[in-house]
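Structure, as C-alpha cells:
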Amino acid sequence: PALVIHKPRQKSGRPRSSDRPIFDALIYLARTGAQWCALPDEFPPKSTVHDRFQEWLESGCLESAWAILLQAYDESLGIEWQWQSADGCIIKAPLGKRTAEGDAQATGANPTDRGKSGSKRHLLTDGKGIPLAVVLSGANRHDMKKLADLLDAKVVESPAPEVLEQHLCLDRGYDYDVCRQAAETRGYIPHIPDTEKPVPAPNAPNRHPPRRWVVEVGHAWFNRFRGVLIRWAKSSLSYLGFVQIVACLIIGRKLLLFSG
C-alpha cells in the first residue's frame, strides 16, 4: 500500500503497469548495480521503471515503506532503542562534482581517494544494526557536521526519554561539544571517547563493553548491494531512493528469518 499512487488516466492507451514487477526491477538494480538499459526483458521497460521510481521518490513512498517495515520489525522483534550508534561511510561517486557545486547533490572531493569525487552515507542504527536513518553529504564533509540532521531523520518516532533511556555511541570523530549538545537536546546520553585520553586497556575497570561496532555492520549490509556500493546516480535523491530500497530489503530479510 505504501507504493500505491492513484493517478487519473489523462489519455488513452495501455493501462498503468503493476507496482510489483517495477519494484522487483528496482531490487534487481540495487542488488546488481546494473545500468538502467541493462534491465532484463522479464522486467517492464526501463522508461516505465524509471518514471515510477521518480514518482515514488517525489511522493516519499520509499521512505514510507521503510517506516512500515520498521514498525513491523518493532512489533515482531523489537527495535533496540536503548543503545544506538551512528557513523559515516565514504563511497565513490565517479559522476559527481568535487567542487562547491557538488554540495547540492551531496558530492565532494574524497580525501581517501586522491581527491576524486565521492559521497558520504551517514547511518543511524539501533543496537542490532537495523537502519533507523540515513543522510547524505559530500565525501569531504566531516561526520560531526551532519549528526544533528541524522538524528532528526529517523523514519519512525523513537520512545520519549522519560519512557526509555537512550544512549548514542559515537567514535572520536564526534568529540565536539556541538555533537554532545545535539545528542543531549534530543534526549540521548552520548558516549564519545575523549581524543586527548588514551584508550583504556581491555581489562581496565573504566573500559566499557564495545557497542558502536553495530553501525559498521549496518554499513557492511548496505555495501553488499552493488547499486549503493558505488554511487553512479548524479542526483542525490535517486541515490537516496536506492538506499531506502536497500534498507527495506535489510529489514524485510530479518522479518523473514523471524517468521521462518
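Source: prediction; values computed, not measured.
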Considering all heavy atoms of both residues, which atom of Ala233 and which atom of Ser238 are nearest to each other, and what is their separation? CB-CB, 4.0 Å
For the student: nearest non-hydrogen atoms of Val156 and Ala67, plus distance: CG1-O, 3.6 Å
For Arg141, the side-chain hydrogen bond (donor to acceptor under 3.5 Å, both in side chains) test, sequence neighbours excluded, returns none
Checking salt bridge (charged side-chain N to carboxylate O under 4.0 Å, His left out) for the pair Arg172/Asp194: CA distance, chi angles, key distance, verdict? CA-CA 7 Å; Arg172 295 191 176 200; Asp194 191 342; over 6 Å; no
Using only atom types and a distance under 3.5 Å, with no angle test, would you say the side chain of Tyr73 pairs donor to acceptor with the backbone of Leu255? no
Please list every donor-acceptor pair under 3.5 Å in which a side-chain atom of residues 126-133 meets a protein atom from a residue at least two apart or in another chain.
from	atom 1	to	atom 2	distance (Å)
Asp126	OD1	Lys128	N	3.0
Asp126	OD1	Gly129	N	3.1
Asp126	OD1	Ile130	N	2.8
Asp126	OD2	Glu80	N	3.1

Here the pair of heavy atoms bringing Ile251 nearest to Leu69 is CG2-O, 3.6 Å
Between Ser85 and Thr125, is there a donor-acceptor pair closer than 3.5 Å when you use the side chain of the first and the backbone of the second? no
Can you list, pair by pair, the side-chain donor-acceptor contacts under 3.5 Å of residues 177-191, counting residues two or more places apart and other chains?
from	atom 1	to	atom 2	distance (Å)
Arg180	NH1	Asp175	OD1	2.9
Arg180	NH2	Asp175	OD1	2.7
Thr185	OG1	Gln181	O	2.9
Thr185	OG1	Ala182	O	3.0
Arg186	NE	Asp152	OD1	2.7
Arg186	NH1	Ala182	O	2.9
Arg186	NH2	Asp152	OD2	2.9
Tyr188	OH	Gln84	OE1	2.9
Tyr188	OH	Lys154	NZ	3.4
His191	NE2	His167	ND1	2.7

Is a side-chain N or O of Glu216 found less than 3.5 angstrom from the main chain of Asp87, in a donor-acceptor match? no
Do you reckon Val228 sits in the same ILVMFWY cluster as Val217, going by side-chain contacts under 4.5 Å, direct or chained? yes
My understanding is that only one of Ile22, Val49, Asp51 makes a side chain to side chain contact (heavy atoms under 4.5 Å, CB included) with Ser17; could you say which? Ile22
Please check if any side-chain donor atom of Ser119 sits under 3.5 Å from a side-chain acceptor atom of Arg231, or the reverse. yes
Closest non-hydrogen atoms of Asp113 and Lys92, given as atom of the first, atom of the second and distance, are OD2-CE, 3.7 Å
Heavy-atom closest pair, residues Val215 and Leu123: CG2-O, 3.7 Å
I'd like to know if the side chain of Thr48 and the backbone of Pro44 have a donor-acceptor N/O pair within less than 3.5 Å. no
Shortest non-hydrogen contact between Leu39 and Phe43, atoms and distance: CD2-CD1, 3.9 Å
A quick test of your reading: do over 12 heavy atoms of other residues, nucleotides or ligands sit less than 6.0 Å from CH2 of Trp232? no
Between Thr107 and Gly96, is there a donor-acceptor pair closer than 3.5 Å when you use the side chain of the first and the backbone of the second? no
Could you check whether any side-chain N or O of Gln82 sits under 3.5 Å from a backbone N or O of Gln166, counting only pairs where one atom can act as donor and the other as acceptor? no
Could you tell me whether Asp103 and Lys97 have a side-chain N and a carboxylate O separated by less than 4.0 Å? no
